[in-house]
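Heads up, the thing below is written out as C-alpha cells.
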Amino acid sequence: MTLQLYDSLRRSVVPVEPLTPGQLGLYVCGPTVYGPIHVGNARPFVLAMTLARHLRRTGWQVRVVSNLTDINDKIYTAAVAEGIESEALAARESARYIADTTRLGLGRPDLEPKVTDSLPVIIAMIEQLIAAGHAYAADGDVYFSVADFPSYGTLSGQKIDEMQPEEITSKKSAPLDFALWKATKPGEDAAWESPWGLGRPGWHIECSAMAMTALGEEIDIHGGGIDLKFPHHENERAQSEALTGRTFSRIWLHNGMLRFGGDKMSKSLGNIDRLADALDREGPETLLSLFARAQYRSSVDYSPDSLEDARRSNDRLREALRRAARTSGGALAAGGGPLAEAAAEVDSRFCAALDDDFATPEALAALFDLVRQMNAAIDVGDADPADVAQARSVLIECLYVLGLDGLAATTEGPPADALALLQERENARLERNFERADALRDELLALGWIVQDLPGGPELAPA
RNA sequence: GGCGACGUGGCCGAGAGGCUAGGCAGCGGCCUGCAAAGCCGUCUACACCAGUUCGAUUCUGGUCGUCGCCUCCA
C-alpha cells in the first residue's frame, strides 16, 4: 500500500510523491506565542508527530519542522497588558509551549525555528518579491500584490471578486493585498531594521521563509489547522510561488477543529481548555486517544463524555497489556505461534490504515481486534508465553505510533501490605465469610487495587 | 450571500454498489459467593425525497440540517 494523504488544494486523497525518494519534509504551522495554548492547538502538533512516527516506522526518512511565531500584534498587546517587554513575554510563552507539548510525550520536531531568528531571510525574500514586481513598498509597509498572482484563492476556494474585504484603512493599494512588512507603530517595543525602515514582518511571510530555509523552495507536506487555510496558507502559497515559480507545497494537510460546547475551541470565543490543565486532569494518553479516535480531518467533540470514552478504551488496552505481561511472564518475544501471526496481520492492517490518509480510527479498530484475540487466547489458558509476548510487543509498537505506548508502562506490582490483605480476603472467602471478604476488597480498592478473581486465583489490578 | 466539509444505530466513530468495522453503554450467556476482568452471543443504523441499477446506506440530483472559512484564529 502506498502512502496517500488528502491534499486540500486538489481536494482529494492523493498519492504522496516525495521530492526525494524515501524522504519527506513536513512543515507545520506552530503557535503564536502570546499565551498558553489550548487542547485544540495541540492537534496539528499531535498529527505531525504521530504521522512522522508512522512514516519512520514504515521506512521513510522524515524531517518535521514547526515554527514558533514570536513576533505578532497579539504579543505586543499581551505584553502591554502585563507591563512587560514583548520579547520577555514571547520567550516565556515559547518555553511554556515547548513544555506543554513535550508533556504529550511525542518528542519534539526536528527543527523549531523562530521568526526572530529568521529576519534576514524574511527581508531578503521581501526584497526579491519587490524586485520581481509582486510586492510594493508604501510608506514603511510592504504589501503583496494579490492581483499579480493569478491562482490566488485556489487553495481556499475563495473567489477574489466575491470576497468582501474590509475597507482599505492602511496604505495598501488593493483591498486583498496583504502585508509582508509593517512599519513599527508607537507602543511596539520590538522592531527590526529593514530597507523600508524600522518594522517587523507580516504574519504570513515568516512561514514561507522558515519553511524554505529548513526544507527548500519546494516542500513535501505543509500542515496546520483548517482555519489557517485562508488567509494564512493562501497567502503563504501566493508569496512563495510568486517568488520561486515552483510549487510551494506538494500536499496541504489540514486538521479539523476541536469542538467545545458546540463551537470551535477558540481563544477568541473564550471556550478553551488549556493544554496544561487538560494534561493535569487527563494525562496525555486520554487526549491522544481522543484525537486518534477521529480521523484527523474530522472535527472532534471535546466533552466529558468523549473524554470518558477515550479513557475507557485506553483502560481496555491497558488491561489487555497488563494481562499479556502477566501471562507471558519474562518470556522473550518470539514469532511463530497463532497469536504472533494474528499480530503480524493486525500490524499490516494498522499500517495500511495509516497509509490511507492516516485513518487512525481504522488503525485503532485493528488494534482492538488484536486485543480481543490476545484476551481470548489468554482466557483459554494454553497460550504460549513467547507467543503472547510477541503479540504484546507488536501491540506496543503500534501504540507507540499513536503515542499510546505509555499504556503498557510496567506498573509496580502490588506492595506487600496489599498482597497481605488479598491473602486475608482469600482466607475469609475460604471460610465463606463474605462480609469480611467484601470489606477487605473495599479496603484494597481504597489502596488503589481492584480484586479480580480469575480462574487461577485472585489477582490485583491497578484501579 | 460565497466557498468547503459533512449528516451512520443510545453515544462516539469507520466503511463499502450486494459480503462482521471498532470503542463505550444495554441485554442474554459462560466464569464468580457476589463483584471485577475477560470471553461468547445479541438489539437500537445508514437525515429526507426522487433518479440510475437486478440490487444503494454506498452513485446522481434536489430538500432539510450541522460545522468550518470568507483577512484574530491550530
Side-chain angles (χ1 to χ4, degrees), chain A residues 6 8 11 28-32 34 37-47 72-74 77 146 153 156-159 161-166 175-179 202-204 223-232 234-235 254-259 262-269 289-290 293-295 297-301 303 305-306 308-317 319-320 322-323 349 353 359-369 371-380 429 432-435 437-438 441-442 445 450-455 458-459 461 463:
Chain A
Y6 183 89
S8 296
R11 296 175 213 294
V28 190
C29 285
T32 298
Y34 69 98
I37 64 161
H38 57 68
V39 187
N41 298 129
R43 188 127 92 134
F45 179 88
V46 171
L47 172 61
N72 183 280
D73 282 340
K74 290 188 167 183
T77 308
V146 164
S156 56
Q158 306 288 336
K159 290 182 185 129
D161 43 0
E162 278 168 6
M163 284 194 259
Q164 306 278 321
E166 61 198 22
L176 290 169
D177 291 354
F178 57 89
W203 175 31
H204 318 292
I226 187 76
D227 55 352
L228 290 184
K229 192 158 67 165
F230 190 90
H232 186 54
E234 191 73 58
N235 291 354
H254 289 117
N255 61 272
M257 300 288 104
L258 223 60
R259 276 193 315 267
D263 295 307
K264 174 175 102 161
M265 187 181 286
S266 149
K267 281 177 194 161
S268 45
L269 289 175
S289 175
L290 179 69
R293 289 158 52 80
Q295 207 262 355
R297 284 190 281 135
S298 317
S299 53
V300 170
D301 189 43
S303 67
D305 282 356
S306 62
E308 176 68 12
D309 274 3
R311 220 175 288 130
R312 285 183 196 246
S313 73
N314 279 352
D315 285 346
R316 183 165 161 80
L317 292 167
E319 177 66 4
R322 197 188 62 82
R323 298 174 96 228
R349 271 170 62 201
T360 49
E362 207 181 331
L364 224 33
L367 261 32
F368 278 105
D369 197 24
V371 163
R372 203 197 69 251
Q373 294 186 61
M374 285 165 67
N375 280 331
I378 292 169
D379 268 5
V380 169
R429 289 181 70 211
R432 305 198 61 81
N433 183 353
F434 297 122
E435 207 175 313
D438 289 350
R441 182 164 60 195
D442 290 344
L445 186 60
I450 290 175
V451 178
Q452 295 181 3
D453 288 317
L454 302 173
E459 297 247 351

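Note on naming: letters A, B, ... go to the chains in the order of the sequence lines (proteins, then strands), and numbering restarts at 1 for each one. We use all heavy atoms of the structure for the numbers below, so side chains are in, but hydrogens, waters and symmetry mates are not.
Not counting sequence neighbours, the partners of A:Asp73 by the side-chain hydrogen bond (donor to acceptor under 3.5 Å, both in side chains) test are A:Arg200. For the side-chain hydrogen bond (donor to acceptor under 3.5 Å, both in side chains) test, residues two or more places apart in sequence or in another chain that qualify with A:Asp369 are A:Arg349, A:Arg372. A:Ser8 meets the side-chain hydrogen bond (donor to acceptor under 3.5 Å, both in side chains) test with A:His254; sequence neighbours excluded. Under the side chain to side chain contact (heavy atoms under 4.5 Å, CB included) criterion, A:Leu364 pairs with A:Ala292, A:Arg293, A:Leu367, A:Phe368, A:Leu402, sequence neighbours left out. Every side chain to side chain contact (heavy atoms under 4.5 Å, CB included) that A:Glu362 has, sequence neighbours left out, goes to A:Ala353, A:Ala359. Applying the ring pair (Phe, Tyr, Trp, His ring centres under 6.0 Å) rule to A:Phe178 yields the partners A:Phe144, A:His204; only residues at least two apart in sequence or on another chain are considered. Applying the salt bridge (charged side-chain N to carboxylate O under 4.0 Å, His left out) criterion to A:Arg311, with sequence neighbours excluded, gives A:Glu282, A:Glu308. For A:Lys267, the side chain to side chain contact (heavy atoms under 4.5 Å, CB included) partners two or more places apart in sequence, or in a different chain, are A:Tyr34, A:His38, A:Asn41, A:Ile272. Take A:Asp438 and apply the side chain to side chain contact (heavy atoms under 4.5 Å, CB included) test, not counting sequence neighbours, and it matches A:Arg441.
A close approach under 4.0 Å does not occur between any side-chain nitrogen or oxygen of A:Lys229 and OP1 or OP2 of B:A74. Side-chain N/O atoms of A:Asn255 include none lying less than 4.0 angstrom from OP1 or OP2 on B:A74. The side chain of A:Arg312 places an N or O atom within less than 4.0 Å of a non-bridging phosphate oxygen (OP1 or OP2) of B:A25.
Rounded to an integer number of Å, the gap from CD of A:Glu319 to C1' of B:A37 is 5 Å.
For RNA chain B, runs of at least 3 consecutive pairs of the Watson-Crick or G-U wobble type, with both hydrogen-bonding distances under 3.5 angstrom, map to B:1-7 with B:64-70, B:10-12 with B:22-24, B:26-30 with B:38-42, B:47-51 with B:59-63.
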Collect all protein-nucleotide pairs involving nucleotides 5-12 of chain B in which both atoms are nitrogen or oxygen and the distance is under 3.5 Å.
{"unit_1": "B:C12", "atom_1": "O2'", "unit_2": "A:Arg293", "atom_2": "NH2", "d": "3.0"}

Table of protein N/O atoms under 3.5 Å from nucleotides 40-47 of chain B N/O atoms:
{"unit_1": "B:C40", "atom_1": "OP1", "unit_2": "A:Arg372", "atom_2": "NE", "d": "3.2"}

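For A:Ser313, whose side chain is taken as the heavy atoms from C-beta onward, the closest listed nucleotide among B:G23, B:A14, B:C24 is B:G23.
Residue side chain A:Arg441 reaches the base of B:A35 through a donor-acceptor N/O pair under 3.5 Å, judged by distance alone.
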